[in-house]
Amino acid sequence: MAKKLSPSMFIGLAKEDEDIISFGSGEPDLPPPKRVFKVMPRFKYFKYGLIQGQLNLRTALAKQYPSSAAENFVITNGSSEALDLSLRAISKIENGRKKGVLLPKPYFYTYPHLVEDAGMEPVYTDLIEGRIDFDEFKKKVKNCKAVIINSPSNPTGRIESMETLKKIEKLTNDLGIYVLSDEVYKDLIYERENYLIKGPHVITVNSFSKTYAMCGLRIGYFWSLDKGLVNKVIEIKTCTSMNTNILAQEMAYEAIKIPKSFIKNQLKIWIRRRDFIYESLLNIGLDLWKPEGAFYVFPKIKNSEDFVWNLFKKYKVITYPGEWFGSKDRVRFSYALDIDKIKEGLERVKKYLRKEGSFHLTS
Ligand SMILES: Cc1ncc(COP(=O)(O)O)c(C=O)c1O
């Protein structure tokens, strides 16, 4: 029986033991844009920075968002801090009137914790085939003060249709409900362009962690056209983390200037890996959705905690149990590793399932 598993148990382990194959962390293995390294030798400024974030970075970001200016952004320690600040700001502004925050389930594992830490309550709506069921969404969102949308999704790898996103945009706008759109995988959509949800109550959080493979630098951001909300976020950040690392912001400023071809080339690599892992897992006999973005597959696996534990202890392969994402009978595989490692890791999965783990298979 697996001991109690937690995300922090596995982070960094593959760097210590080269024989470990990690399908665990959502950390891109691809290199960041070369030009970000140019910043380091010439960087001399080590004072506090603006709490809201460096003006050059915010001004550059504003060019990517309609009707926006630098004042609509707050640069944060990854999108993680942007999510946290957004939820706490909403909670303070609403002052206890409505407590529910709607979370499509399965969800990114931090969401319920962040909602609760902000003094609110997660309300769940189950995804169907990895996508929002709009009828149920409509019923449940009415009693909530906010909803978190994550398309492409971690852990499902699915994207919401444009039609659903537009319906959510209209409904939440009509009801005056905040939409917190976590778009950290917006550049990693395999099928189409991203659709940016817009409106007076929309918050977008994003990050340099995935698109530019700069996750350890911890640069993310919050965007909103709601001035009151922006000010509340700055107010909370002033008394918590204060400014975000200014060297890392300068590097992010360089990253954002790179041509679109960098992202297109990375996307080709992700699609190749997606195709390989998807086909291979189907051949092994697992039931899974085909990812349309991000870099995760989420197959059905019975006794998923035992699967994760046995595979780690006996075959040195790291995967994450679905329970962390609100889905007990699934396991998350990140394919942020090169294809040779994916191949080797899947060979070990196959061996485990054939030799002793056939009870994990659902059919
Ligand atoms: C959906 C989602 N949101 C937010 C984050 C946090 O990323 P970061 O804080 O590095 O921007 C992650 C990281 O895996 C994620 O998958």
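Quantities reported herein were computed from a predicted structural model and do not represent experimental measurements.
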Ring-ring centroid check Y107 Y124, cutoff 6.0 Å: yes

Geometric class of the Y109/F325 ring pair [parallel <30°, tilted 30-60°, perpendicular >60°]: perpendicular

Lys/Arg N to Asp/Glu carboxylate O, D135 vs K139, below 4.0 Å: no

Sequence-distant partners of Y178, side-chain hydrogen bond (donor to acceptor under 3.5 Å, both in side chains), two or more places apart: none

V349-F295 co-clustered via ILVMFWY side chain contacts under 4.5 Å: yes

Whether Y212 and F208 hold their rings parallel, tilted or perpendicular, with breakpoints at 30° and 60°: parallel

No-hydrogen, no-angle side-chain donor-acceptor test under 3.5 Å, E183 and S181: yes

Ion pair D19/R348, N-O distance below 4.0 Å: yes

Heavy-atom donor-acceptor pair, R218 side chain to T76 backbone, under 3.5 Å: no

Check: S153 side chain, T156 main-chain N or O, donor-acceptor pair, under 3.5 Å: yes

Y185 and Y296: CA distance, side-chain angles, deciding distance, ring-ring contact (aromatic ring centres under 6.0 Å, His included) verdict: CA-CA 11 Å; Y185 299 104; Y296 307 101; 5.7 Å; yes

Ionic contact status for K351 with E347, cut-off 4.0 Å: no

Distance-only polar pair, side chains of N154 and R332, donor-acceptor under 3.5 Å: yes

Aromatic plane relationship, F73 with Y65 - under 30° parallel, 30 to 60° tilted, over 60° perpendicular: perpendicular

Whether H360 side chain and K302 backbone form a donor-acceptor pair below 3.5 Å: yes

Whether W289 and F298 hold their rings parallel, tilted or perpendicular, with breakpoints at 30° and 60°: tilted

Side chain N303, main chain E305, donor-acceptor under 3.5 Å: no

Those residues that, when tested against Y48, pass ring pair (Phe, Tyr, Trp, His ring centres under 6.0 Å) (two or more places apart): none

Geometric class of the F137/F134 ring pair [parallel <30°, tilted 30-60°, perpendicular >60°]: parallel

T238 side chain to I234 backbone, donor-acceptor under 3.5 Å: yes

Nearest atoms (heavy-atom pairs only) where I51 meets K237: O-CE, 3.5 Å

Test: K314 and E356 ion pair at under 4.0 Å: yes

Result of checking R273, K210, K341 against D29 for salt bridge (charged side-chain N to carboxylate O under 4.0 Å, His left out): R273

Salt bridge E292-R131, side-chain N to carboxylate O under 4.0 Å: yes

Partner residues of E169 under the side-chain hydrogen bond (donor to acceptor under 3.5 Å, both in side chains) criterion, sequence neighbours left out: Y195

Side-chain (E254) to main-chain (F37) donor-acceptor, under 3.5 angstrom: no

Nearest heavy atoms of S280 and L346, plus distance in Å: CB-CD1, 3.4 Å

Side-chain donor or acceptor of T204 paired with backbone N/O of W223 under 3.5 Å: no

